[in-house]
Amino acid sequence: MDRKERDVVTAKNEEAWIELKAGVLDALNLFDEMTDELVFEVIDKVLKNSRHSKNMSLNDRCLLRMELFHSIRKLDVLEELLENSDVTEIMINGEKGIFIERKGRLEAFSEGEISKERMEELVVKITAMSNRIVNEAIPLTDARLGDGSRVHVAVSPVALDSPVITIRKFPKNPITLEDLLEKESFNEEIAQFLKMAVRARYNIFVSGATNSGKTTLLNVLSDFIPKNERIITIEDTAELQIRNVPNLVRLEARNSVVEGCREITIRDLLRASLRMRPDRVIVGEVRGAETVDMLQAFCTGHDGSLSTGHGNSTKDMLYRLETMVMMGMDIPVAAIRRQIASGIDLMIHLGRLRDKRRVLMEISEIDECRDGEIIINPLYCFQELSGGKNGEVHGTWVKKGELHHKEKLLMAGISDD
């Protein structure tokens, strides 16, 4: 039975739902401690005595029981989706329903209206879990759920119709190199090249559009870092799932959402991290003025550092980096380009094909800055061959050139043969 068929009290009669939930909450107020067992016990008692559940089937009654429990103890209508491992993105549009991304494709989960009251409860619960505040004065905020899922919340006045909640879920078991090879995100030759580059301490920047797999690739690349190194990760909202690194320090930025609390930006964390004796710094994503400090970390002896950013291609990402550096420092473009060319060794660009598959589109070496222009040396490029059944895209990775700067390979005692 799908969700459209199970049109229980919550969808049929919002007034009935409010009455049932209020009855449960009133009963729970009599107890000092609220356990899951107690909540279920009270819900069963309220349902037994309620006129709204008299003519319900046993199945609908069980569904209503769980929905009431989720609305009180968990995240209401979202709980079912959060527990579904196939769902990677949840988009709650209030009165316009819920949409999800399942296995790379968007679909409607529920077209029914979610009341304003339930949306507001959801917003309060989610932001409270991450010690964030969202209101008319601060209508946008990022948060994180207990399972690591990233949440973005928008409320009035910027959200015109109703509150909007967008949740990016992450797999409970981080995706491995073998998983990406199985999904044909790249081939074995590229995998070996990336492993070699990380171990030789090349500074790597990963670019791509939203949901192209930047964080996933960063997690995979971190698996190649030697276990005896000290790693510091810096993120706006913690998403990285780095494993097998004993000496790992995780830092997360803080918004100034509480009176008296100073905002801690990625720039602040980057500067602080350089005093924590890192071997490498991993910056989850750069979006603005913190790009200056990211490049400083790349250029000041922390070889092997990693970061990501939004861009349409390698060349486009370089232009965006220039713009973002200028947000934080007023220096000539020529000087910015020299610093980018000096700090970043390799740039990896990711993309999504027509069949929604995430693939590595290109790897380029940032060669040097010559006559005021950054010289790009393409190394690998995805080349589409043909379309298959059901819209599938077939292609291969073509080697375009050789790595010019091999000094780090030599220092690491690695042969590129």
Side-chain angles (χ1 to χ4, degrees), residues 177-178 180-209 212-214 216-218 220-221 224 295 298 303-322 337-388 392-412 414-417:
L177 174 66
E178 289 71 27
L180 293 182
L181 287 171
E182 185 179 339
K183 294 176 180 180
E184 297 184 339
S185 295
F186 45 78
N187 60 19
E188 183 64 38
E189 181 182 350
I190 288 177
Q192 293 306 314
F193 174 81
L194 295 176
K195 189 179 296 187
M196 176 185 70
V198 172
R199 289 178 177 171
R201 304 180 67 87
Y202 282 84
N203 291 329
I204 299 174
F205 194 95
V206 182
S207 71
S212 59
K214 298 185 296 295
T216 297
L217 182 60
L218 216 58
V220 169
L221 293 178
F224 307 145
L295 287 173
F298 278 29
D303 287 342
S305 293
L306 309 167
S307 187
T308 76
H310 281 81
N312 296 323
S313 65
T314 297
K315 188 170 285 188
D316 175 72
M317 191 68 241
L318 290 172
Y319 292 146
R320 283 208 66 226
L321 286 172
E322 291 176 17
R337 290 176 178 173
R338 284 196 298 271
Q339 188 150 23
I340 292 172
S342 174
I344 299 175
D345 297 313
L346 297 172
M347 192 166 280
I348 302 170
H349 182 70
L350 308 178
R352 296 189 72 176
L353 304 178
R354 294 189 303 282
D355 59 6
K356 307 302 181 185
R357 186 159 54 98
R358 299 175 179 90
V359 300
L360 186 151
M361 300 302 292
E362 57 182 299
I363 301 178
S364 297
E365 179 184 18
I366 307 304
D367 198 344
E368 61 178 325
C369 188
R370 189 188 308 154
D371 298 326
E373 295 291 331
I374 297 175
I375 307 302
I376 300 172
N377 174 28
L379 301 177
Y380 292 94
C381 182
F382 178 80
Q383 184 173 304
E384 186 175 329
L385 299 177
S386 63
E392 294 176 354
V393 177
H394 297 295
T396 187
W397 288 268
V398 178
K399 189 167 184 178
K400 306 291 285 187
E402 295 290 338
L403 194 66
H404 289 169
H405 297 278
K406 301 184 179 183
E407 299 85 356
K408 290 185 177 181
L409 291 177
L410 296 172
M411 289 179 66
I414 297 174
S415 170
D416 65 335
D417 296 335

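Everything numeric here is computed off the predicted structure, so don't read it as measured data. Just so you know, residue 1 is the first one in the sequence shown, and it goes up from there.
In terms of modelled atom types and a separation under 3.5 Å, the side chain of Glu365 and the main chain of His405 share a donor-acceptor contact. One N or O on the side chain of Asn203 and one on the backbone of Gly343 form a donor-acceptor pair closer than 3.5 Å. Panel note: side chain Arg320, backbone His310; a donor-acceptor pair is recorded below 3.5 Å. Remark: the backbone N or O of Gly372 is paired with a side-chain donor or acceptor of Arg337 at under 3.5 angstrom. No donor-acceptor pair closer than 3.5 Å links the side chain of Asn312 to the backbone N or O of Ala209.
Across all non-hydrogen atoms, the minimal contact from Ala412 to Ala200 is CB-CA, 3.8 Å. Between Lys406 and Tyr202 the shortest heavy-atom distance is CA-OH, 3.5 Å. Across all their heavy atoms, Ser207 and Ser313 have their closest contact at OG-O, 4.2 Å. Residues Phe186 and Ala191 come closest through the heavy atom pair CE1-CB, 3.9 Å. Scanning all heavy atoms of the two residues, the minimum distance from Ala341 to Ile366 falls at CA-CG2, 3.8 Å. For the residue pair Cys381 and Lys400, the shortest heavy atom distance occurs at CB-CG, 3.8 Å.
A side-chain contact (heavy atoms from CB on, under 4.5 Å) with Met347 is found for exactly one of Ile340, Ile204, Val206, Thr314, namely Thr314. The side-chain contact (heavy atoms from CB on, under 4.5 Å) test with Val393 singles out one residue from Leu385, Val359, Asp355, and that residue is Asp355.
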**Item:** side chain to side chain contact (heavy atoms under 4.5 Å, CB included) evaluation trace for Trp397 with Glu189
**Value:** CA-CA 9 Å; Trp397 288 268; Glu189 181 182 350; over 6 Å; no

**Asked** So Phe193 and Leu346, side chain to side chain contact (heavy atoms under 4.5 Å, CB included) or not? Walk me through it.
**Response** CA-CA 11 Å; Phe193 174 81; Leu346 297 172; 4.0 Å; yes

**Prompt:** side chain to side chain contact (heavy atoms under 4.5 Å, CB included) between His349 and Met317: does it pass, once the steps are laid out?
**Reply:** CA-CA 9 Å; His349 182 70; Met317 191 68 241; 6.0 Å; no

**Request:** Would you check, one step at a time, whether the test side chain to side chain contact (heavy atoms under 4.5 Å, CB included) holds for Val220 with Leu194?
**Result:** CA-CA 10 Å; Val220 169; Leu194 295 176; over 6 Å; no

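Interatomic distance, Leu180 CG to Ile190 CD1, rounded to the nearest 0.5 Å: 11.5 Å. A distance of 10.0 Å separates CG of Leu379 from CD of Glu362, quoted to the nearest 0.5 Å. Atom CZ in Arg352 sits 11.5 Å away from atom CZ in Arg357 (nearest 0.5 Å). Within the model, atoms OH of Tyr380 and CG of Leu360 stand 10.5 Å from one another, a figure rounded to the nearest 0.5 Å. The line from NZ of Lys315 to CD1 of Ile376 is 5.5 Å long, rounded to the nearest 0.5 Å. The distance from atom OG of Ser307 to atom CD1 of Ile344, rounded to the nearest 0.5 Å, is 8.0 Å.
For the pair Gln192 and Glu188, the minimum side-chain heavy-atom distance is below 4.5 Å. In this structure the side chain of Leu350 never reaches within 4.5 angstrom of the side chain of Thr216, judged on heavy atoms.
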